[in-house]
Amino acid sequence: ARQYTTFDGLPHDIVSAVFFAEDGKLWLGTHAGLGNFDGEIFGIHTPEAGLPHHEVHDVLGGDDGSLWMGTEGGLAHFDGTQFTTYLPGEGVIVLHHGADGCLWLGIHGGLLCFDGDDFVRYAIAEGLGNDTVTAIDTDAEGTLWLATHGGLARFDGESFVNYTMDDGLGSDVTSAVHVDGTGVVWIGTHGGLTRFDGESFSNYTEADGLPGLHVHALFDNGDGRLWIGTERGLACIDGDILRTNQLPSRYAQRHCRLRK
């Protein structure tokens with residue numbers, strides 16, 4: 001495998017998000033701005049070019065080929081030429097296209113729905129268990145599943161159901177969530193990987209072969225395997241088999257979102 005660093009032109013060695021565009025270009029959320037890579041040359045967009053903040057947490061493609069970015073200084077939209085900033089000063093952690101056409105934002109202050117004109121905020125007062133939303137996914141019914149720093153939340157558009165360690169979650173600090181093709185919800189926590197089938201929770205820890213307890217990222221590439229990023233290495237669940245690959249901690253300690 002080829003490794004790229006700042007020596008090769010990568011804007012920063014901490015990469016928080018990777019988006020695979022249809023034209024083959026990679027867009028990278030880094031701690032030094034929005035990067036892009038065409039296979040040969042790296043490019044970078046910084047606050048000097050209109051990006052609201054140099055720390056880019058997430059990158060998501062739009063239906064029109066544009067890009068949305070969650071940054072520590074707000075939501076950014078890039079049409080290929082210029083940036084437009086929404087919610088200046090707001091830390092936007094994660095972005096997700098909902099089945100309802102809404103752009104959902106996980107922020108340090110709850111959950112936001114953006115319809116292109118207005119933002120609607122959902123927080124503890126509306127029933128959300130914790131205001132820090134770190135990951136979002138949607139199931140086949142269009143229900144949102146949210147990873148938060150206070151557990152797992154389910155939102156059907158009207159009300160929240162919250163799950164914590166008392167219900168069987170591996171930890172109340174959760175960093176990733178993925179709903180697979182069978183409807184099973186997988187949750188990356190700071191106490192391992194949790195599986196929820198709608199009725200009961202089961203947990204995978206180092207005792208089961210997981211390389212680390214802090215699960216920061218989950219990725220399903222469509223072949224039935226679930227890839228699990230931890231602070232100590234990469235793991236994969238293939239059916240009932242858990243496979244691991246230990247990595248040096250300096251390569252595995254940060255989470256990274258992969259999108260295509």
Could you give all pairs that pass the disulfide (SG to SG under 2.5 Å) test and reach [range], with sequence neighbours left out?
range            : value
residues 146-241 : none
residues 114-176 : none
residues 2-58    : none
residues 172-222 : none

List the atom pairs, donor and acceptor, that lie under 3.5 Å between side-chain atoms in residues 77-85 and the rest of the protein, sequence neighbours left out.
unit_1, atom_1, unit_2, atom_2, d
His77, NE2, Ser66, OG, 2.8
Asp79, OD1, Thr81, N, 2.8
Asp79, OD1, Gln82, N, 2.8

Hey, can you pull the donor-acceptor pairs under 3.5 Å for the side chains in residues 109-119, sequence neighbours left out?
unit_1, atom_1, unit_2, atom_2, d
Asp115, OD1, Asp117, N, 2.8
Asp115, OD1, Asp118, N, 2.7

Next item on the list: For side chain to side chain contact (heavy atoms under 4.5 Å, CB included), just list the numbers for Phe42 and Ile44, CA-CA rounded to whole Å, side-chain angles, deciding distance to a tenth of an Å, and then say yes or no.
Entry: CA-CA 7 Å; Phe42 284 95; Ile44 182 173; over 6 Å; no
Locate the shortest heavy-atom distance separating [X] from [Y]; write the atom from each residue and the value.
X      : Y      : answer
Arg225 : Asp220 : O-OD1, 3.5 Å
Gly151 : Thr174 : O-OG1, 3.2 Å
Asn36  : Lys25  : CB-CD, 3.8 Å
Gly43  : Pro11  : O-CG, 4.2 Å
Gly73  : Pro52  : O-CB, 3.6 Å
Ala99  : Gly142 : CB-CA, 4.0 Å

Do [X] and [Y] belong together in a cluster built from hydrophobic side chains that touch within less than 4.5 Å?
X      : Y      : answer
Ile228 : Leu213 : no
Tyr86  : Val92  : yes
Ile124 : Ile107 : no

Next item on the list: Walk me through it: do Ile136 and Leu144 pass the test side chain to side chain contact (heavy atoms under 4.5 Å, CB included)?
Entry: CA-CA 7 Å; Ile136 307 170; Leu144 292 181; 4.0 Å; yes
Margin query: Enumerate the side chain to side chain donor-acceptor pair (under 3.5 Å) contacts for residues 150-161, please, sequence neighbours excluded, ordered by first and then second residue.
Written below: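 Counting only pairs at least two positions apart or across chains, no side chain to side chain donor-acceptor pair (under 3.5 Å) contact touches residues 150-161.
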Margin query: Test: side chain to side chain donor-acceptor pair (under 3.5 Å). Region: residues 200-215. Which pairs qualify, not counting sequence neighbours?
Written below: Thr194-Asn203, Glu206-Arg232
Look up atom [atom1] in [X] and atom [atom2] in [Y], then write down how far apart they are to the nearest 0.5 Å.
X      : Y      : atom1 : atom2 : value
Met69  : His57  : CE    : NE2   : 13.5 Å
Leu226 : Leu193 : CG    : CG    : 6.5 Å
Thr164 : Asn130 : OG1   : CG    : 11.5 Å
Asp13  : Gln3   : CG    : CD    : 8.0 Å
Asp139 : Thr182 : CG    : OG1   : 11.5 Å
Glu55  : His31  : CD    : NE2   : 4.0 Å

Indicate yes or no: at least one non-hydrogen side-chain atom of [X] is less than 4.5 angstrom from one of [Y].
X      : Y      : result
Leu67  : Trp27  : yes
Pro47  : His53  : no
Asp238 : Arg243 : yes
Arg195 : Val184 : yes
Thr30  : Val56  : no
His96  : Thr138 : yes
Val173 : Thr148 : no
Leu105 : Val133 : no

Next item on the list: Step by step, work out the side chain to side chain contact (heavy atoms under 4.5 Å, CB included) result for Asn221 and Trp227.
Entry: CA-CA 8 Å; Asn221 62 358; Trp227 294 92; 3.8 Å; yes
Using the test side-chain hydrogen bond (donor to acceptor under 3.5 Å, both in side chains), find all partners of [X] that sit at least two apart in sequence or belong to another chain.
X      : result
Glu48  : Thr46
Trp186 : Asp180
Asp23  : none

Note to self: Keeping Glu90 on the side-chain end and Leu87 on the backbone end, is there a donor-acceptor pair under 3.5 Å?
What the structure shows: no
Check: In terms of heavy-atom contacts, does CG of Asp63 have more than 12 from other residues, nucleotides or ligands at under 6.0 Å?
Finding: no
Notebook entry, point to check: Does the side chain of Glu231 come under 3.5 Å of the side chain of His216 through a donor N or O and an acceptor N or O?
Noted result: no
Item checked: Criterion side chain to side chain contact (heavy atoms under 4.5 Å, CB included) on His108 and Glu72, from CA distance to verdict -> CA-CA 10 Å; His108 293 295; Glu72 194 58 29; 3.6 Å; yes
Check: Once the angle between the rings of Phe155 and Phe160 is folded into 0 to 90°, is it parallel (under 30°), tilted (30 to 60°) or perpendicular (over 60°)?
Finding: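 Ring orientation, 0 to 90° scale: parallel.
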Check: Which ILVMFWY residues can you reach from Val161 by hopping between side chains whose heavy atoms are under 4.5 Å apart?
Finding: Trp145, Leu152, Tyr163, Leu169, Val177, Val179, Val185, Ile187, Phe196, Phe201
Next item on the list: For side-chain hydrogen bond (donor to acceptor under 3.5 Å, both in side chains), just list the numbers for His149 and Asp172, CA-CA rounded to whole Å, side-chain angles, deciding distance to a tenth of an Å, and then say yes or no.
Entry: CA-CA 6 Å; His149 279 185; Asp172 285 341; over 6 Å; no
